[in-house]
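All values derive from a computational prediction rather than experimental measurement. We count residues from 1, following the sequence as given.
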Amino acid sequence: MFVSPKIAKQHLIIFTRYPQPGKTKTRLIPALGAEGAANLQRQMTEYTLSKVKKFQESAAISFEIRFADGNLQLMQNWLGTELNYQLQGEGDLGKRMENSFMNAFNQGAQEVAIIGIDCPGVNNQVLTEAFQKIQNSDLLLGPAVDGGYYLIALKRAIGQLFTNIDWGTAKVLQQTVDIAQQLNLSVAYLPTLADVDRPEDLPIWQRADGQSATSD
C-alpha cells in the first residue's frame with residue numbers, strides 16, 4: 001500500500017485498471033481488438049476522472065484511484081502524480097471492494113462510495129445525490145441496466161454484502177439487495193444507468209464522448 005493523503009468524511013473510490021492490451025475490457029476485444037479495448041479503458045477512466053474532479057470543485061470530498069495491473073509509476077505517468085493511488089489487491093471483486101471500504105473507514109471516512117469507470121452517466125448530479133442519500137440509509141446502490149450496480153455507498157464496512165455474489169452476472173444487484181434485507185439494512189437507490197461492457201453497449205459511450213467533446 002502507498003501512503004494515503006488525508007481523506008475527507010465523504011470519500012469516493014474509483015476502481016479502474018491500467019490499460020494493458022489483452023487484460024482490460026476483454027468482452028469488447030472481439031469488436032475493438034486488444035489495443036482498441038485498452039484504449040477505451042484509458043478514455044473512460046480519464047472521462048470518469050474529469051467528472052469526479054468537477055464534482056470535487058463543489059463538494060468537500062476526497063477521492064482515490066484503486067487500480068489493478070500496471071504499477072504506481074505507470075499510473076502516475078498516465079494520470080499524474082498528484083492523485084491518491086491504491087492497489088486493488090488480491091481476491092475477487094467483492095473482496096477488493098470490501099477491503100477498500102474498510103481502509104477508507106479506518107482512515108476516518110464516514111460516508112464512502114465506490115464507482116467503476118464503465119458508466120458514463122455518472123456525473124455531478126448523480127454523485128451529489130449519492131452523498132446526500134447515503135446520509136439517511138445504510139446502503140446506497142446505483143442499479144445498472146445489466147443487473148449489476150455502477151455505484152455502492154456505505155457508512156460502515158459490511159463484509160456480508162460482498163460474499164456469495166455472482167460477480168459479472170445479471171444477479172449482482174438482486175443478490176446484494178437480498179443480503180441487505182436479511183441484515184435489516186435500509187437501502188436507497190440512484191437512477192438506473194447503463195454500463196459499457198459489451199459491443200452492443202458502445203453507442204452509450206460514443207454518445208457520452210460526443211457530448212464531452214462538444215462541451216469542452
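Here the closest heavy-atom approach between residue Trp78 and residue Arg17 is recorded as CZ3-O, 3.8 Å. When all heavy atoms of Leu154 and Leu139 are compared, the closest pair comes out as CD2-CD1, 3.7 Å. Between Ser62 and Ala8 the shortest heavy-atom distance is OG-N, 2.8 Å. Of all heavy-atom pairs between Glu129 and Pro191, the closest is OE1-CD, 3.9 Å. For the residue pair Ala144 and Asp195, the shortest heavy atom distance occurs at CB-OD2, 3.6 Å. Nearest heavy atom pair, residue Ala194 against residue Ile204, reads CB-CD1, 3.5 Å.
Residue Ile179 holds its CD1 atom at 8.5 Å from CD of Gln160, rounded to the nearest 0.5 Å. Taking CG from Asn77 and OH from Tyr18, the interatomic distance works out to 7.5 Å, rounded to the nearest 0.5 Å. Here the OG1 atom belonging to Thr45 is positioned 7.0 Å from the CE atom belonging to Met75, to the nearest 0.5 angstrom. Ile29 CD1 to Leu40 CG: the interatomic distance, rounded to the nearest 0.5 Å, is 11.5 Å. Taking CG of Leu161 as the start and CG of Leu185 as the end, the distance is 6.0 Å to the nearest 0.5 Å. Atom CG of Leu72 is separated from atom OG1 of Thr81 by 10.0 Å, given to the nearest 0.5 angstrom.
Without hydrogens or angle criteria, Lys95 side chain to Glu90 main chain gives no donor-acceptor distance under 3.5 Å. With Asn99 contributing its side chain and Arg96 its backbone, the two residues share no donor-acceptor pair below 3.5 Å. Judged by distance alone, with hydrogens and angles left aside, the side-chain atoms of Arg66 form no donor-acceptor pair with the main-chain N or O of Ile14 at under 3.5 Å. Between the side chain of Asp209 and the main chain of Trp205, no donor-acceptor pair closer than 3.5 Å is present. At distances below 3.5 Å, at least one donor-acceptor pair connects side-chain atoms of Lys25 with backbone N or O atoms of Val196.
Using a 4.5 Å heavy-atom cutoff, the side chains of Val112 and Ile7 are not in contact. With a 4.5 Å cut-off on side-chain heavy atoms, Thr48 and Val122 do not count as touching. Two residues are said to be in side-chain contact when any heavy atoms from C-beta on lie closer than 4.5 Å; Asn124 and Ser58 meet this criterion. At least one side-chain heavy atom of Phe15 sits under 4.5 Å from a side-chain heavy atom of Leu93. Using a 4.5 Å heavy-atom threshold, the side chains of Ile117 and Tyr47 count as separate. Inter-residue side-chain proximity for Ile114 and Ser100 is flagged as met; some heavy-atom pair is nearer than 4.5 Å. Asp201 places a side-chain heavy atom less than 4.5 Å from the side chain of Arg198. The closest side-chain heavy-atom distance from Met97 to Ile165 is not below 4.5 Å.
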Criterion side chain to side chain contact (heavy atoms under 4.5 Å, CB included) on Val172 and Trp167, from CA distance to verdict: CA-CA 6 Å; Val172 170; Trp167 301 109; 3.8 Å; yes
Intermediate values then yes/no, side chain to side chain contact (heavy atoms under 4.5 Å, CB included), Tyr189 and Val177: CA-CA 11 Å; Tyr189 296 93; Val177 172; 3.4 Å; yes
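Cluster annotation: Ile65 and Phe55 are assigned to the same hydrophobic cluster (Ile/Leu/Val/Met/Phe/Trp/Tyr, side-chain heavy-atom contacts under 4.5 Å, transitive). When the side chains of ILVMFWY residues are joined at heavy-atom separations under 4.5 Å, either directly or via intervening members, Met44 and Phe67 end up in a single hydrophobic cluster. There is no path of hydrophobic side-chain contacts, each under 4.5 Å, that joins Ile158 to Leu151. The hydrophobic clustering, which links ILVMFWY residues whose side-chain heavy atoms are closer than 4.5 Å, places Leu12 and Tyr150 together. Note on Ile13 and Leu83: separate hydrophobic clusters, where clusters join Ile, Leu, Val, Met, Phe, Trp and Tyr whose side-chain heavy atoms are under 4.5 Å apart, directly or indirectly.
Few gaps surround CD on Gln206; more than 12 heavy atoms of other groups in view lie less than 6.0 Å from it. By the neighbour-count criterion of 12 heavy atoms within 6.0 Å, atom NZ of Lys133 is densely surrounded, having more than that number from other residues, nucleotides or ligands. Sparse packing is recorded around CD of Glu35, with 12 or fewer heavy atoms of other residues, nucleotides or ligands lying under 6.0 Å away.
For the pairing with Glu111, the side chain to side chain donor-acceptor pair (under 3.5 Å) check across Gln132, His11, Lys155, Gln10 returns one residue only, Gln10. The side-chain contact (heavy atoms from CB on, under 4.5 Å) with Pro143 is formed by just one residue from the set Thr176, Leu193, Leu173; it is Leu173.
Between the side chains of Gln41 and Thr16, at least one donor N or O sits under 3.5 Å from an acceptor N or O. In summary, the side chains of Asn164 and Gln175 do not present any donor paired with an acceptor at a separation below 3.5 Å, with no hydrogens or angles considered. Side chains of Asp178 and Gln174: a donor-acceptor N/O pair is present below 3.5 angstrom, by distance only.
Under the ring pair (Phe, Tyr, Trp, His ring centres under 6.0 Å) criterion, the residue pairs touching residues 92-132 are Phe101-Phe162, with sequence neighbours excluded.
Ion pairing between a basic and an acidic side chain is recognised when a charged N comes within 4.0 Å of a carboxylate O; Arg156 and Asp138 show no such pairing.
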